[in-house]
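Data first, discussion second: the structure below is written as structure tokens.
This chain uses plain numbering: 1 for the first residue, then up along the sequence.
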Amino acid sequence: MEYLDLSSCPVTPAILESFVPHPVLRSLGLSHIGSLPLGEVAKFVMTTALNVEVLTLVNTSPELAIHISPRQVPLSLHTLLIRPLATAPFHFSLTGTSAPKPPPTRLRVVELTVGVLNALGAGGDAWKIVRSKGGRGWYVDTASGWENGQLRRDLPANHPMRVELERLAASNGNVSSGVGWHARKMEVLSGQGMLGREDGLYGAVSFAYQG
């Protein structure tokens, strides 16, 4: 399973701990779960879904409650999520022959509320804000991208993929309706699981609105 959306479900840390490993999961929706701590989200990705690249956290986690402490939100996001999941460990070599280790996970895109994105300002390092044509927005590592079947975390500033991501960030939402991540919605019914009758695509309005 590469795509899972548990947004608005009553997910707790205990429920996350009960999951078996999902090594091929690439896109994970955990939006609208206000009481789920950000540290528990990071722990789940680190231990159960290392290859998740896209994570949605719209209106999730008390640490991202912008109305409580807007100045604390950027620090919490980077300290509890970005740094442990998407930052390479410190590397030092006297000989210069040993290659640095990559970040522990593949996380490179986080969907957040407009308020949280505004609090992030210009972002940090290679992490920039990309907004959709509508109200959705993502915090994106512009230095990460797939090349020749490998996920690179060190794209140079002049790399075409990084240049395009930087351009999208600078566009501030003045983009086509096809720009964005995590476009599917899964229908889950009590006792019946995930229904397979529909593909779940939003189509043309995938990124026209938030939620």
Side-chain angles (χ1 to χ4, degrees), residues 1-11 15-16 19 22-34 36 38 40-42 44-46 48-61 63-64 66 73 77 80-82 85-86 103 105-118 120 123 126-146 151 153 161 164-165 167-169 171-173 175-188 193-196 198-211:
M1 181 169 58
E2 294 186 1
Y3 189 102
L4 177 63
D5 196 340
L6 297 175
S7 298
S8 299
C9 295
V11 176
I15 290 175
L16 292 180
F19 272 68
H22 286 276
V24 299
L25 189 63
R26 298 182 64 187
S27 189
L28 174 63
L30 289 175
S31 293
H32 307 294
I33 311 174
L36 187 62
L38 198 56
E40 294 295 330
V41 174
F44 175 76
V45 174
M46 181 79 77
T48 308
L50 284 170
N51 292 320
V52 160
E53 299 176 43
V54 181
L55 177 65
T56 78
L57 293 175
V58 176
N59 291 323
T60 291
S61 175
E63 291 88 357
L64 298 181
I66 195 69
V73 165
L77 181 66
L80 299 176
L81 191 80
I82 302 298
L85 298 185
T105 78
R106 289 181 171 177
L107 183 68
R108 61 190 182 95
V109 177
V110 183
E111 183 173 8
L112 299 161
T113 63
V114 172
V116 171
L117 293 173
N118 290 341
L120 289 168
W127 286 83
K128 305 295 182 183
I129 296 167
V130 175
R131 301 180 189 271
S132 72
K133 188 175 183 179
R136 298 178 69 178
W138 301 264
Y139 201 37
V140 181
D141 181 5
T142 60
S144 293
W146 285 91
L151 179 62
R153 308 301 295 247
M161 188 176 300
E164 178 62 16
L165 287 172
R167 185 190 69 80
L168 291 175
S171 297
N172 196 31
V175 296
S176 71
S177 60
V179 173
W181 292 264
H182 201 79
R184 298 173 183 264
K185 290 295 181 182
M186 293 181 174
E187 185 177 5
V188 181
M194 297 180 184
L195 303 183
E198 300 176 359
D199 190 39
L201 283 174
Y202 275 132
V205 297
S206 295
F207 307 111
Y209 308 98
Q210 187 171 43

Side chain to side chain contact (heavy atoms under 4.5 Å, CB included) partners for V41, two or more places apart
L30, L36, L55, L57, L81
Does the side chain of W127 come within less than 4.5 Å of L120's, by heavy atoms?
no
Partner set under side chain to side chain contact (heavy atoms under 4.5 Å, CB included) for N118, not counting sequence neighbours
V114, R131
Quick one: side-chain hydrogen bond (donor to acceptor under 3.5 Å, both in side chains) partners of T56, sequence neighbours excluded?
S31
By salt bridge (charged side-chain N to carboxylate O under 4.0 Å, His left out) - contacts of E63 (at least two apart)
none
Are any non-hydrogen side-chain atoms of F19 and L4 less than 4.5 angstrom apart?
yes
The side-chain hydrogen bond (donor to acceptor under 3.5 Å, both in side chains) partners of S27 (sequence neighbours excluded) come to H182
How far apart are the closest heavy atoms of R153 and S144, and which atoms are they?
NE-OG, 2.8 Å
Under the rule for side chain to side chain contact (heavy atoms under 4.5 Å, CB included), what residues qualify as partners of T142, not counting sequence neighbours?
A126, K128, R162, L165, E166
What are the two closest heavy atoms between S132 and G135, and how far apart are they?
OG-N, 3.9 Å
Correct closest heavy-atom pair for I15 and V11 would be CD1-CA, 4.1 Å
From CG (L25) to CD (E53), nearest 0.5 Å
10.0 Å
Ignoring hydrogens and geometry, is there a side-chain-to-backbone donor-acceptor pair from T60 to I33 under 3.5 Å?
yes
Which residues satisfy the salt bridge (charged side-chain N to carboxylate O under 4.0 Å, His left out) test with E2, sequence neighbours excluded?
none
Using every non-hydrogen atom in the two residues, find where V73 and L64 come nearest and quote the distance to one decimal.
CG1-CD2, 4.0 Å
What residues, two or more places apart in sequence or in another chain, satisfy salt bridge (charged side-chain N to carboxylate O under 4.0 Å, His left out) together with R106?
none
Is N51 close to R26 at the side-chain level, that is, under 4.5 Å between some pair of heavy atoms?
no
Quick check for you: to the nearest 0.5 Å, what is the distance between I82 atom CD1 and L77 atom CG?
4.5 Å
To the nearest 0.5 Å, what is the distance between CG on L151 and CZ on R108?
6.0 Å
Can you find a pair of side-chain heavy atoms, one from I129 and one from Y139, that are under 4.5 Å apart?
yes
Sequence neighbours excluded, the answer for side chain to side chain contact (heavy atoms under 4.5 Å, CB included) partners of V175 is L168, S171, V179
Does T105 have any side-chain hydrogen bond (donor to acceptor under 3.5 Å, both in side chains) partners at least two apart in sequence or in another chain, and if so, which?
none
